[in-house]
Trainee: 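Take this structure first; my questions come after.
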Amino acid sequence: MPVDFTASPVQVARALIGAVLLVEGVGGVIVETEAYDDTDPASHSIGGPTARNRSMFGPPGHAYVYRSYGLHWCLNFVCREAGRGAAVLIRAIEPVQGVEQMRERRGIDDERLLCAGPGRLAQALGITDQHDGLPLGLPPFELRPASGASEVQAGRRVGISKAIDLPWRFGLARSKFISRPFSAPQPR
DNA sequence: CTTTCGATGATCT
DNA sequence: GATCATCGAAAGG
């Protein structure tokens, strides 16, 4: 069963943990995601379509790529039906294929840090605005759903200032390739 | 170990 | 002019 991108971003974010994402054959296992829903104050889509977020309002199962802090690219998967503006941010991948190419692109050796964070992951996989709006089911993308059940942990999203208490960040339990630890179960 | 801060530019008020 | 779904280097304990 392929991933159902017409589901809610929370469902999709959870389902993507353990899936394999490749871009031109380079990538690995998705180990960290975040959901951004259409009524979510923290979402880029909250104010309606703009030049930047237009692909967020396009068809589900396509990429939304934006520039972060003027220098990084970040990759999202569009969810729900076209026009809603829901998506999942891909935050970390366990490198599996094309590790040497990732090292070259990132300029570091430490495998743990190749794809641990949305900006790092995009750099390692060669994601840029060229990929914005492209369908995830066709080259250069390749997406293989999680084969078995994964143990998923949830927590608060990273780097946002609104809706900070929603537990919409998901991670593969005990993975060493996530961008940062999940904090204690009980919010402070 | 933790916290702070500069880079760098589009987007929004 | 302020804010940013970030990263990495530097400074502090």
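Just the heavy atoms: all of them, side chains too, but no hydrogens, waters or symmetry mates, feed the values below. Residue numbering restarts at 1 for every chain, and letters A, B, ... go by the order of the sequence lines. As the structure is a computational prediction, the values presented were derived from the model and not from experiment.
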Trainee: Considering every strand and a 4.0 Å limit on heavy-atom distances, what is the contact class for A:R106: base, sugar-phosphate, or nothing?
Mentor: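 Contact class for A:R106: sugar-phosphate only.
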
Trainee: Roughly how many Å is it from CH2 in A:W73 to C1' in C:dC7, rounded to a whole number?
Mentor: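 Rounding to the nearest Å, CH2 of A:W73 and C1' of C:dC7 are 16 Å apart.
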
Trainee: Please evaluate residues A:F77 and A:H62 with respect to the criterion ring pair (Phe, Tyr, Trp, His ring centres under 6.0 Å), reporting the C-alpha separation (whole Å), side-chain torsions for both, the decisive distance (0.1 Å), and the verdict.
Mentor: CA-CA 6 Å; A:F77 294 172; A:H62 287 233; over 10 Å; no

Trainee: Please answer: with hydrophobic residues joined when any side-chain heavy atoms are less than 4.5 Å apart, are A:L89 and A:I127 in the same cluster?
Mentor: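 Different clusters.
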
Trainee: Whole angstrom is fine here: how far is it from CD1 in A:I178 over to P in C:dC7?
Mentor: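 One finds 13 Å between P of C:dC7 and CD1 of A:I178, rounded.
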
Trainee: CZ of A:R120 versus C1' of C:dA9: gap in Å, rounded?
Mentor: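 Checked: the CZ to C1' distance equals 12 Å.
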
Trainee: Flag this pair as yes if the NZ/CZ of A:R80 is under 6.0 angstrom from the six-membered ring centre of A:F5 and inside a 45 degree cone about the axis; otherwise no.
Mentor: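 A:R80 over A:F5 ring: no.
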
Trainee: Would you check if A:Y36 stacks with the base of C:dA5, given a 5.5 Å centroid limit and a 30° plane limit, both strict?
Mentor: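 It does: the two rings, one from A:Y36 and one from C:dA5, meet the stacking criterion.
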
Trainee: Please confirm whether A:H44 and A:Y36 have ring centers closer than 6.0 angstrom.
Mentor: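 Not under 6.0 Å, so no.
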
Trainee: Using the test side-chain contact (heavy atoms from CB on, under 4.5 Å), find all partners of A:R14 that sit at least two apart in sequence or belong to another chain.
Mentor: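 By the side-chain contact (heavy atoms from CB on, under 4.5 Å) rule, A:R14 matches A:V152, A:F170.
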
Trainee: Grab the CZ-C1' distance between A:F77 and C:dA5 for me, whole Å please.
Mentor: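 Taking atom C1' of C:dA5 as the reference, CZ of A:F77 is at 15 Å.
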
Trainee: Quick one: on DNA chain C, does A:Y66 or A:Q123 contact a more 5' nucleotide (nearest heavy atom)?
Mentor: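 Here A:Y66 is the residue nearer the 5' end.
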
Trainee: A:V88 versus A:C79: any side-chain heavy-atom pair under 4.5 Å?
Mentor: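 They are in contact (side-chain heavy atoms under 4.5 Å apart), so the answer is yes.
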
Trainee: Could you state the atom-to-atom distance from CD1 of A:I160 to P of C:dT3 in whole Å?
Mentor: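 After rounding, the gap between these two atoms is 16 Å.
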
Trainee: Would A:V158 and A:I164 show up in the same hydrophobic cluster when neighbours are defined by side-chain heavy atoms closer than 4.5 Å?
Mentor: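 Per the 4.5 Å side-chain linkage, A:V158 and A:I164 are not co-clustered.
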
Trainee: Rounded to the nearest Å, what distance is computed from the CG atom of residue A:L114 to the P atom of nucleotide C:dC7?
Mentor: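 The answer, rounded to whole Å, is 13 Å.
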
Trainee: Heavy atoms under 4.0 Å is the rule here; annotate nucleotides 7-13 of chain B 5' to 3' with B where the base is hit, S where only the sugar-phosphate is, and - elsewhere.
Mentor: BBB-SS-

Trainee: Please determine if a side-chain N or O atom of A:S43 lies less than 4.0 Å away from the OP1 or OP2 oxygen of C:dA5.
Mentor: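 For A:S43, the contact criterion (side-chain N or O under 4.0 Å from OP1 or OP2 of C:dA5) is not met.
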
Trainee: Mark yes or no: A:R67 above the aromatic ring of A:W73, with NZ or CZ under 6.0 Å from the six-membered ring centre and no more than 45 degrees from the axis.
Mentor: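 That pair qualifies as a cation-pi contact.
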
Trainee: How many angstroms lie between CG in A:D4 and OG1 in A:T6, if you round to the nearest 0.5 Å?
Mentor: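 Between atom CG of A:D4 and atom OG1 of A:T6 there are 3.5 Å.
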
Trainee: Heavy atom of residues 89-105 of chain A under 4.0 Å from DNA chain B: which residues?
Mentor: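 The answer is none.
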
Trainee: Applying a 3.5 Å limit to both distances, which nucleotide forms a Watson-Crick or G-U wobble pair with B:dT3?
Mentor: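 When the pairing criteria are applied, C:dA10 turns out to be the nucleotide that pairs with B:dT3.
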
